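Have a look at the structure below before the remarks.
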There are 2 protein chains.
Amino acid sequence: MNPEAKVPAFPEAAAVAESGPAHSVDRILAVAYELFSTRGVRDVGVNELIERSGVAKATFYRHFPSKDSLVFAFLEQRDKQWTMDGILSEARRRGSTPQEQLLAIFDVFGDWFRREDFEACSFVRVMLEMGPAHPLGKASIDYLAKIRGHVRAVAEEAGLVRPEEFARSLLILMKGSVIQAVEGDTLAADRARQMAVWLIGHHSG
Amino acid sequence: MNPEAKVPAFPEAAAVAESGPAHSVDRILAVAYELFSTRGVRDVGVNELIERSGVAKATFYRHFPSKDSLVFAFLEQRDKQWTMDGILSEARRRGSTPQEQLLAIFDVFGDWFRREDFEACSFVRVMLEMGPAHPLGKASIDYLAKIRGHVRAVAEEAGLVRPEEFARSLLILMKGSVIQAVEGDTLAADRARQMAVWLIGHHSG
DNA sequence: ACAGGTGGGAAGACCGGTCTGTCTTCCCCC
DNA sequence: GGGGGAAGACAGACCGGTCTTCCCACCTGT
């Protein structure tokens with residue numbers, strides 16, 4: 001029927017457009033992670049995601065029934081690979097005691113704030129972009145609560161009194177320093193760390 | 001020409017749709033303030049602003065050459081009427097000494113967090129929505145810096161040492177408590193206030 | 001080993017809706 | 001009669017999402 005058929009295009013080149021993972025779903029997730037984490041959720045459209053990951057639109061919607069479902073997957077990935085592996089595990093590695101591990105969170109933050117691709121915490125950002133009542137906002141709140149649970153567990157290991165209240169106060173310092181770092185205060189992590197020292201002191205026995 | 005002319009509609013009713021100010025520009029600003037402060041900037045379109053303020057589209061664009069220019073006007077109004085009159089003046093009124101005035105910020109925050117129409121700080125929200133490089137993001141950063149300047153001035157009145165560093169630390173507590181309040185922690189202001197007490201203590205002489 | 005079927009993926013047209021912003025038309029009031 | 005404003009059509013871009021068309025790689029039966 002078609003006299004010139006479909007041009008073979010790039011049987012390989014297009015497939016590895018991002019030189020990333022071979023499978024479509026992995027490439028979509030990798031592109032989504034990069035775009036969502038640096039530019040937010042509302043600013044990135046499905047068409048751009050498709051183009052950048054070198055995937056057909058039908059393929060995208062076979063793996064993810066809607067854009068929101070991709071955002072859910074992104075938040076989960078962000079929790080695993082950024083919160084857990086990037087921040088909390090690293091902080092545990094750097095400190096030899098639970099107290100030191102709590103303070104090391106802000107050392108890791110300091111390194112993070114000085115990265116040039118630093119662009120704020122995705123959970124806070126999505127929560128504010130979508131609102132706390134939106135399913136994606138609620139999911140973000142859940143992931144933030146998960147972080148708080150982790151902090152609380154370390155606080156209990158450290159023998160701090162009222163660990164839940166401690167964790168909530170420490171998260172105020174964490175969130176506040178992130179926001180301030182977005183504004184350009186690269187020393188925000190040090191200021192928060194100092195306040196964390198006082199906070200730990202008042203929860204010790 | 002038109003056999004039925006244009007229906008007189010509501011020569012008065014529509015004009016006072018929001019039962020607000022009589023002049024178009026004031027009605028637009030009042031509607032914009034309510035919608036932007038509760039739902040953010042990206043979620044509110046020009047058509048909705050026009051409909052809610054009972055104004056013609058041409059009238060809107062005569063007063064504001066673009067939506068962004070209206071957002072600029074909103075940020076300025078937010079600074080005057082929320083930051084200055086709502087928070088900082090009220091905090092100064094509640095405290096009899098500069099130290100008390102600094103702590104009173106968090107008392108005012110506590111009342112604010114418990115309002116049911118509480119929806120986060122517009123400056124932080126716009127900065128994250130648009131990004132710190134966007135003109136609106138930069139303007140938001142400027143207004144946040146203005147708040148910091150005010151805090152610094154009160155810190156100087158209180159005779160605190162290193163007032164700039166103090167102000168930056170206090171703003172971490174302010175921003176962090178606001179974010180945490182969005183998540184539903186209504187006691188965030190009290191936690192931040194306690195940390196502010198320690199912060200003041202370490203900057204006193 | 002080879003023909004034929006089959007299903008996944010790429011490309012992209014298309015749909016209805018929404019976005020910002022322009023322009024026209026008409027009316028009312030000064 | 002002239003200017004401001006209300007109403008709203010319109011333009012052009014983009015949104016999320018559906019669907020069609022074609023191609024190719026792999027699997028199966030003989």
Side-chain angles (χ1 to χ4, degrees), chain A residues 1-18 20-28 31-32 35-36 39-72 74 129-130 134-136, chain B residues 1-18 21-28 31-32 35-36 39-72 129-130 134-136:
Chain A
M1 286 288 175
N2 194 330
E4 356 196 356
K6 275 297 164 84
V7 55
F10 328 85
E12 283 303 309
V16 290
E18 294 287 330
H23 298 348
S24 316
V25 57
D26 297 323
R27 256 182 298 141
I28 295 171
V31 170
L35 296 184
F36 286 157
R39 284 169 41 199
V41 161
R42 298 186 84 138
D43 199 47
V44 180
V46 172
N47 290 321
E48 185 177 359
L49 288 162
I50 285 173
E51 191 184 351
R52 297 274 288 256
S53 51
V55 123
K57 214 163 192 181
T59 305
F60 176 94
Y61 279 102
R62 192 174 312 116
H63 292 301
F64 303 97
S66 68
K67 180 190 170 183
D68 278 6
S69 75
L70 174 64
V71 181
F72 278 117
F74 157 69
E129 272 187 331
M130 312 303 293
H134 188 284
L136 288 171
Chain B
M1 285 286 176
N2 194 331
E4 357 195 355
K6 274 299 166 80
V7 53
F10 329 84
E12 282 302 308
V16 291
E18 294 288 328
H23 299 347
S24 316
V25 58
D26 298 323
R27 257 181 298 142
I28 294 171
V31 170
L35 296 185
F36 286 158
R39 283 170 39 199
V41 160
R42 298 187 82 137
D43 199 47
V44 180
V46 172
N47 290 324
E48 184 176 359
L49 288 162
I50 285 172
E51 191 184 350
R52 295 275 288 255
S53 51
V55 124
K57 212 163 194 180
T59 305
F60 176 94
Y61 278 102
R62 191 174 313 117
H63 291 302
F64 302 97
S66 68
K67 180 189 170 184
D68 278 7
S69 75
L70 174 64
V71 180
F72 278 117
E129 272 186 332
M130 313 303 292
H134 188 284
L136 288 170

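Remember, it's a predicted structure, so these values are computed and weren't measured experimentally. A, B, ... follow the sequence lines: proteins, then strands. Residue 1 opens every chain.
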Separation of C:dG7 C1' from A:His63 NE2 (nearest whole Å): 13 Å
A:Lys67 side chain to A:Val44 backbone, donor-acceptor under 3.5 Å: yes
Candidates C:dG8, C:dA10, D:dA6 - which lies nearest the side chain of A:Ser24: C:dA10
Atom pair CG (A:Leu35) and CD (A:Glu48), whose distance is rounded to the nearest 0.5 Å: 5.5 Å
Name the pairs: protein N/O against N/O of nucleotides 17-21 of chain C, kept only if under 3.5 Å.
from	atom 1	to	atom 2	distance (Å)
C:dT20	OP1	B:Lys67	NZ	3.0
C:dT20	OP2	B:Val46	N	2.7
C:dG21	OP2	B:Tyr61	OH	3.4
C:dG21	OP2	B:Lys67	N	2.7
C:dG21	N7	B:Lys57	NZ	3.1
C:dG21	O6	B:Lys57	NZ	2.4

Any residue meeting salt bridge (Lys or Arg N to Asp or Glu O under 4.0 Å) with A:Asp68, in chain and number order, not counting sequence neighbours: none
Distance in Å, B:Tyr61 OH paired with B:Ile50 CD1, rounded so as to fall on 0.5 Å steps: 6.5 Å
Under 4.0 angstrom between B:Arg62 side-chain N/O and D:dG4 OP1 or OP2: no
Interatomic distance where CD belongs to B:Glu51 and P belongs to D:dA9 [whole Å]: 13 Å
Between P of C:dA11 and CD1 of A:Ile50, the distance in whole Å: 11 Å
Backbone of A:Leu136 reached by a side-chain donor or acceptor of A:His134 within 3.5 Å: yes
Donor-acceptor pair, side chain of B:Glu129 and main chain of B:Gly40, under 3.5 angstrom: no
